[in-house]
Student: 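Before I ask anything, here is the structure I am working with.
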Amino acid sequence: MKRLNAKTQRRKELKQRHRTLAASLAIGSMVVAFFLACGAFAQTLGGHGDGHETARQVFNIPWFQLGAGSLKIGWVLDPLTAAMLVMVTFVSTLIFIYSVGYMAHDENFPRFFTFLSLFAAAMLGVVMANSLLLLFICWELVGFASYILIGFWYHKPSAAAAAKKAFITTRVGDVFFFIGILWLYAETGTLLFYDNGNGCLEQSALTKLVGASVAGGMAVSTAIALLIFCGAVGKSGQVPLHVWLPDAMEGPTPVSALIHAATMVAAGVFLIARVFPLMAGTMMHDTMAPSTGASGFTLLLSNHSPALQVVTWIGAITAIFAALVAVAQTDIKRILAYSTVSQLGFMFVGLGTGGPAVGMFHLLTHAFFKALLFLGAGSVIHGCHEEQDIRRMGGLRKLMPVTFATYAIGMLALAGFPLVFSGFWSKDEILHSAWLWEPSKWPFVLASCGALLTAFYMTRQMYYVFFGSTRRSRGNEALTSHHHDEHGKSEPSHVGSYAAHESSPVMTLPLGVLAACAILLSLFGTPVFPWFHDYLSGHAAHLRNSIEVDIVATMLLSTAIVGSGLALGWWLYGRKPITDAAAPDALEQLKPDWFAVLRGKFFVDELYEISFIRWNAAFARFCGWMEDAIWGGAVRLVALAGLGVSWVSRLIDEFVINLGFSGSCRGLAEGGGWLARLQTGRVQSYLRVLGVAFVILVLFLIWGGGK
């Protein structure tokens with residue numbers, strides 16, 4: 001028994017060493033990557049001039065020979081790359097540290113950190129690539145890493161289904177993306193972004209692409225840009241390929257934070273910012289008009305290219321659509337998931353109406369406060385014994401003070417609370433650029449409604465989760481008798497009586513750092529000091545002495561919108577404390593039919609189920625029938641024909657060729673036998689034969705001579 005106990009103890013110690021090694025390698029690698037990113041970021045500072053050229057370093061290498069030339073891949077370091085490198089490595093490091101506490105009891109702890117590292121590395125490859133082909137390779141690695149992480153708890157049927165759904169849905173957009181890559185290479189002969197004036201994003205290639213047209217008069221540059229945008233729609237969860245993103249919540253919460261903040265969904269927005277000259281159909285410094293935006297930076301695009309108009313409209317529709325759905329959700333992570341879809345829509349609106357600086361600034365600010373919100377949600381779930389339904393929570397403000405304080409900061413940043421939080425400045429600038437957009441004011445209207453709904457549903461979530469009294473032991477039976485924790489284990493509903501508790505410091509420390517960043521980032525994108533916009537565009541950073549009237553008007557309008565959303569949330573959920581987990585939602589009481597539609601997510605999944613999925617299944621059955629009845633029958637017919645020919649050949653072989661050959665052989669054998677009898681080797685026999693022959697000859701001669 002002692003020997004068995006010692007062996008068990010050694011196994012535990014070895015397993016713990018493996019866990020420690022896995023976490024140390026993953027976190028250590030990300031820390032090193034962060035410092036390297038800071039060094040790269042420093043290389044891009046100070047190289048700015050008149051705004052026509054940015055500090056850019058390119059390293060291209062031949063990959064393999066292709067005909068007379070060679071296919072090249074490479075890396076690029078410019079302000080866009082450097083800013084993303086710092087964000088991805090910093091946020092990923094905090095999520096990795098948080099995961100040590102969150103996944104402490106998971107038996108697959110080392111495997112989890114291995115997958116996280118692959119995810120972050122693939123995203124860094126997307127960011128640094130100077131080749132659209134290399135970007136696409138890393139892009140697919142990001143998709144694969146998301147698949148294995150969303151389905152990390154594959155023993156849960158819902159997690160396995162969500163992983164497959166994410167992988168297949170994003171592949172739909174990636175097919176069009178790949179077609180765009182092939183077309184771009186066929187037109188330009190290169191997939192390098194920058195190559196001493198010969199890259200596909202440089203003036204010579206863009207001039208050729210804009211000058212050529214396809215059927216209907218559309219420029220080739222626009223057609224290729226729209227195909228590439230399809231890939232971004234899939235990765236960044238835009239309508240109509242958004243359905244995978246909320247289901248991705250089946251993965252561990254750190255995975256959700258990584259997907260929604262630093263990787264995966266950010267890849268689509270970054271892709272459009274990277275290929276923005278192709279989207280606009282001209283070089284960056286040629287796409288700017290004389291007017292200025294909320295930051296004092298030139299925003300308005302001179303040509304309003306069709307591709308950018310599509311980007312703007314898809315983003316605006318997604319922003320309002322996802323915000324409406326988030327209003328009626330009850331899963332704490334699913335609310336944040338639809339919030340991410342909506343905010344990604346804001347980013348695309350910013351890209352389409354104001355350019356890379358506007359969209360990317362919101363991407364960076366969103367990365368910090370959305371990572372904060374997801375990690376805060378994970379802390380809530382962990383502290384509430386794996387509970388995710390906000391109706392069963394309540395009263396956590398006093399039980400989890402650190403989580404509450406940091407979560408409140410993230411909520412206000414997401415809602416766009418004025419002046420203090422970075423989300424206000426980045427979202428306000430998007431609204432301002434949308435207001436200045438000449439083709440239409442509707443994207444501004446839709447984005448404004450989305451901003452109001454964001455403040456509303458986040459206020460609703462805060463009151464359900466942190467205020468009032470706990471509802472974890474009241475009304476739960478009316479909801480369900482069992483619930484499944486994040487690890488897929490079924491637990492009886494009496495766990496609702498367990499007291500919530502604050503998370504460990506290894507989980508709350510990253511929350512504090514992210515909360516500070518959600519505030520401090522506002523220093524780099526205000527109208528007075530739009531440092532980020534100047535940095536990204538190549539302008540020298542400096543303070544503005546004045547702010548235009550329309551900028552102030554947009555700020556006031558944005559403040560009114562946020563205030564209205566917060567007030568409406570308080571009016572419905574804050575005035576009267578929520579005491580019963582089974583009680584209908586306040587909004588449901590007002591508009592039950594509308595609320596049912598919103599809770600059902602506009603039944604888009606059901607629509608896909610009865611249309612595309614059913615059509616695909618029917619087509620698969622048709623293909624199966626074709627395989628069995630037509631192609632299979634044809635194959636069987638050919639097989640029967642071949643069998644018949646073989647039987648005929650066998651008959652000819654057996655009864656014609658073989659019989660004739662055998663008869664000839666038997667005749668020869670018999671003749672040989674007769675001849676063999678003459679060759680006995682006995683002299684007496686030979687003399688006897690000669691004597692007989694002589695007698696016959698004499699008789700013949702006598703008989704013949706007598707005649």
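From a predicted model like this one, the values you see are computed outputs, not experimental measurements. Positions are given from 1, in the same order as the sequence printed here. All heavy atoms count here, side chains included; hydrogens, waters and symmetry mates do not.
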Student: Looking at A166, is its backbone amide N or carbonyl O close enough to the side chain of T169 to form a donor-acceptor pair, meaning the two atoms are under 3.5 Å apart?
Tutor: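 Checked: no pair found.
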Student: Parallel, tilted or perpendicular for F41 and Y535, by the 30°/60° rule?
Tutor: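 Geometry flag for Y535 against F41: tilted rings.
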Student: Is the ring pair F417/F421 parallel, tilted or perpendicular, if the boundaries are 30 and 60 degrees?
Tutor: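 Answer is perpendicular, since the angle exceeds 60°.
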Student: Any donor-acceptor pair under 3.5 Å linking the side chain of D78 with the backbone of T81?
Tutor: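 Such a contact is found between D78 side chain and T81 backbone.
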Student: For the residue pair M458 and L373, establish whether any side-chain heavy-atom pair is separated by less than 4.5 Å.
Tutor: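 Yes, close enough: below the 4.5 Å cut-off.
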Student: So, T340 side chain and L336 main chain: donor-acceptor pair closer than 3.5 Å or not?
Tutor: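 Side chain of T340 to backbone of L336: a pair is present.
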Student: Determine yes or no for a side-chain-to-main-chain donor-acceptor pair under 3.5 angstrom, with S448 supplying the side chain and F444 the backbone.
Tutor: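 Judged by distance alone, yes, a pair lies under 3.5 Å.
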Student: Can you tell me if F176 has over 12 outside heavy atoms packed within less than 6.0 Å of its CZ?
Tutor: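 No, not enclosed.
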Student: Return yes if some donor-acceptor pair links the side-chain N/O of K333 with the main-chain N/O of A248 below 3.5 Å, else return no.
Tutor: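 Such a contact is absent between K333 side chain and A248 backbone.
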Student: Does L557 reach the side chain of L431, with side-chain heavy atoms less than 4.5 Å apart?
Tutor: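 SC-SC contact between L557 and L431 ruled out.
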Student: Could you tell me how the ring of F524 sits relative to the ring of W531: parallel (under 30°), tilted (30 to 60°) or perpendicular (over 60°)?
Tutor: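 Perpendicular: the ring planes of F524 and W531 meet at over 60°.
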Student: Taking all heavy atoms of Q329 and all of L598, pick out the closest pair and write down the distance.
Tutor: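 Nearest pair, atom of Q329 first, then L598: NE2-O, 3.3 Å.
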Student: Tell me which one of F467, Y464, Y457, Y463 satisfies ring-ring contact (aromatic ring centres under 6.0 Å, His included) with Y573.
Tutor: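 Among F467, Y464, Y457, Y463, the one meeting ring-ring contact (aromatic ring centres under 6.0 Å, His included) with Y573 is Y464.
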Student: Counting distance only, does the side-chain N/O of K208 pair as donor-acceptor with the main-chain N or O of T188 below 3.5 Å?
Tutor: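 Not at all, since once roles are kept as given, no pair shorter than 3.5 Å links the two residues.
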Student: Got L344 and L245 here, is their nearest side-chain heavy-atom distance under 4.5 Å?
Tutor: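 They are in contact (side-chain heavy atoms under 4.5 Å apart), so the answer is yes.
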Student: Indicate yes or no for a side-chain donor-acceptor contact from S433 to the backbone of I430 under 3.5 Å, with no hydrogens or angles considered.
Tutor: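 Indeed, once roles are kept as given, a pair shorter than 3.5 Å links the two residues.
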Student: I'd like to know if the side chain of S342 reaches the main chain of A319, judged simply by a donor and an acceptor atom lying under 3.5 Å from each other, with no hydrogens or angles considered.
Tutor: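 Answer holds: yes.
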Student: Looking at every heavy atom in both Q43 and L77, which two are closest together, and how far apart are they?
Tutor: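 Minimum heavy-atom separation between Q43 and L77: CB-CD2, 4.1 Å.
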Student: From I228 CD1 over to I181 CD1, what is the distance, rounded to the nearest 0.5 angstrom?
Tutor: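 Output value for this atom pair is 7.0 Å.
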Student: Indicate yes or no: at least one non-hydrogen side-chain atom of L572 is less than 4.5 angstrom from one of L590.
Tutor: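 A side-chain contact under 4.5 Å exists here.
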Student: Would you tell me whether T365 and S422 have side-chain atoms, one donor and one acceptor, within less than 3.5 Å of each other?
Tutor: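 Absent: no donor and acceptor within the cut-off.
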Student: If we only count heavy atoms from C-beta on, is the L412 to V420 side-chain gap below 4.5 Å?
Tutor: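 No, every pair of side-chain atoms sits at 4.5 Å or beyond.
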Student: Report the relative orientation of the aromatic rings in F177 and W139; use parallel for angles under 30°, tilted for 30 to 60°, perpendicular for over 60°.
Tutor: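 If you compare the ring of F177 with that of W139, the planes turn out perpendicular.
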Student: Which label fits W313 and W437: parallel for a plane angle under 30°, tilted from 30 to 60°, or perpendicular past 60°?
Tutor: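 Perpendicular: the ring planes of W313 and W437 meet at over 60°.
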Student: Taking atom types as modelled and ignoring hydrogens, do the side chains of S339 and K370 form a donor-acceptor contact shorter than 3.5 angstrom?
Tutor: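 Their side chains do contain a donor-acceptor pair, which is all the 3.5 Å distance test asks for.
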Student: Heavy atoms only: give me the nearest L258-S92 pair and the separation to one decimal.
Tutor: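 Heavy-atom minimum between the residues: CD1-OG, 3.5 Å.
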Student: Taking W425 for the side chain and L419 for the main chain, is one N or O donor matched with an acceptor at less than 3.5 Å?
Tutor: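 At least one qualifying donor-acceptor pair exists.
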Student: So, S305 side chain and M279 main chain: donor-acceptor pair closer than 3.5 Å or not?
Tutor: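 Confirmed, S305 side chain pairs with M279 backbone.
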Student: Using a cut-off of 6.0 Å, state whether more than 12 heavy atoms not belonging to W244 lie near its atom CH2.
Tutor: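 Above 12, so yes.
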Student: Using 0.5 Å steps for rounding, measure from the CD1 atom of I272 to the CE atom of M347.
Tutor: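 One gets 13.5 Å once the value is rounded to the nearest 0.5 Å.
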Student: With a 4.5 Å cut-off on side-chain heavy atoms, are E429 and T554 touching?
Tutor: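 They are not in side-chain contact.
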Student: Kindly state whether the ring of F321 and the ring of H242 have centres lying under 6.0 angstrom apart.
Tutor: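 Yes - the distance between ring centres of F321 and H242 falls below the 6.0 Å cut-off.
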Student: Looking at R460 and D585, is any side-chain nitrogen of the basic one under 4.0 Å from a carboxylate oxygen of the acidic one?
Tutor: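 So D585 pairs with R460 through a salt bridge.
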